[in-house]
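Counting starts at 1 for both ligands and their atoms, in listed order.
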Amino acid sequence: MLKIGICGYGTVGQSLVDHVLSYNKKIRSNVSSDFTIARIADRSIDKKEYPKDTIVTKDPLDLPADSNIDIIIELLGGIDLPYKIITESIRNKKHIITANKALIAEHGDEIFQLAKENNVYFGFEASVAGAIPIINTINKNMANENIISLVGIINGTCNYILDQMASCDMSFDDALSSAKELGYAEADPTFDINGMDAAHKISILSSLVYKIKSPLKKTYIQGIENITSMDIKFASELGYCIKHVGISRKVDESIECMAHPVLIEKENIFSNVGGVMNALMVKGDRFGTSMLYGNGAGGKATASAVISNLVDAINFATGVDISSIHISNNSASNNISIKNYNDISSPFYMRIYAEDISGVMAEITKILAKESISIEAVTQHEPADKNSLIPIVMITNSVSYLSVKNSIKKIENLEHVKESVFSIRVLKSDEK
Ligand code: HSE
């Protein structure tokens, strides 16, 4: 009988226990050994229901030292405490499952190596895109050829907020409150809206696909906090919608890795990924293009991914299926550089607020011309009243981000331009 310990009993922990109890017969038919949830660490023991015969403890650090426990499921969040629990547990030869994307993005390379040295299972399917089996898919099904690119909507909260703003005319703040109430957002939603959560996820995927060290520190990160309803409306007038995406791709001899909002054409398949849904498009040089779509957040979806790892962990622990160990094989073995975002070229959306004075547009275009930026599309709106600023919105030709940044600095210095100039990259459907 294998004994499972769960660290953390919030939304995902409770969904996990409920899933295990409700689908016990089904899960047992997929595993090679009987198992039980022996111990749960819950820092806020309250009136929650715990499974019968399970020891409930307050201190999650009790679990790595518990010699009865064979498999630890870490669902705490944060980095330092989970790092301690996981590394201690691995040294004590316990198999590990975690949903902790921040931890994997920051310390994955070291933890994979430690798991390998101690011959324990290490599963982290739930760390990226909730119920979508992207990690298993790229580590197993897609591991036998070259991956050209991976693009995904991987933060459900951002997608939900942008979708609510576009389709229900909801304000950013109301959409964020609603995402929190529905349990999609992180305990601290700053990481969702500032792009860090998506950056953790794309860094994990990037390191798995290209066998590189976690590129988190070199990942370009932009959130959705400065996107206004006006941007969504202007983008729509120009034929685009706004999505927050993670992108990882190999171009020539370097890797591009970013988590940022983009304008995508309304015909692009990603524009139909609404609400909290996640979607990932992977391009391989043999299988072509595959797209995975599903629930990227929420207790039940995340717990479902944890259970798929639990089944693998049990079968690994009993020696029935040792293939999962290969997840950590060759990690970080490639030494490929990460491209600086300044050097990446693309069309850009720019939003400028200026006083309604003749000649402003001419001054702006002169600056753009000096940076060799041409305007592919432009829309200029009437001011709300005679004292308001006029929004000027344009799409540029394909230029480097450095040129865009340089021209923005100069435009912001113009006497009649007020407020910061805001830019978002445009992702064309025909890009790789
Ligand atoms: N806060 C995350 C999201 C949860 O919105 O995608 C899943 O990682």
Stepwise salt bridge (charged side-chain N to carboxylate O under 4.0 Å, His left out) check, D197 with K101
CA-CA 8 Å; D197 179 84; K101 54 229 151 173; 2.9 Å; yes
Quick one: nearest non-hydrogen protein atom to [atom], plus distance?
atom: atom 7 (C) of ligand 1; result: G296 O, 3.3 Å
atom: atom 6 (O) of ligand 1; result: G156 N, 2.8 Å
atom: atom 1 (N) of ligand 1; result: E186 OE2, 2.6 Å
atom: atom 5 (O) of ligand 1; result: T157 OG1, 2.6 Å
atom: atom 8 (O) of ligand 1; result: K101 NZ, 2.6 Å

Could you tell me whether D192 approaches ligand 1 through its side chain, its backbone, both or neither, with non-hydrogen atoms closer than 4.0 Å?
side chain
For T228 and D231, what are the C-alpha separation, side-chain angles and deciding distance, and is it a side-chain hydrogen bond (donor to acceptor under 3.5 Å, both in side chains)?
CA-CA 5 Å; T228 63; D231 291 315; 3.1 Å; yes
Verify the ring-centre separation between Y349 and F234: is it less than 6.0 angstrom?
no
Assert yes or no for the condition that the ring centre distance of Y353 to F422 is strictly below 6.0 Å.
no
Which ligand 1 atoms does K201 reach within 4.0 Å, using its non-hydrogen atoms?
2 (C), 3 (C), 6 (O), 7 (C), 8 (O)
Near Y184, which atoms of ligand 1 are under 4.0 Å from a heavy atom of that residue?
1 (N), 2 (C), 3 (C), 4 (C), 5 (O)
Which heavy atom in A198 sits nearest to a heavy atom in I154, and how many Å separate them?
O-CD1, 3.5 Å
Minimal non-hydrogen separation, V282 against F287, with atom names
O-CE1, 3.5 Å
In terms of side-chain geometry, is the basic nitrogen of R39 or D62 positioned less than 4.0 Å from the acidic oxygen of its partner?
yes
May I ask you to check whether N278 has an N/O atom sitting below 3.5 Å from an N/O atom of ligand 1?
no
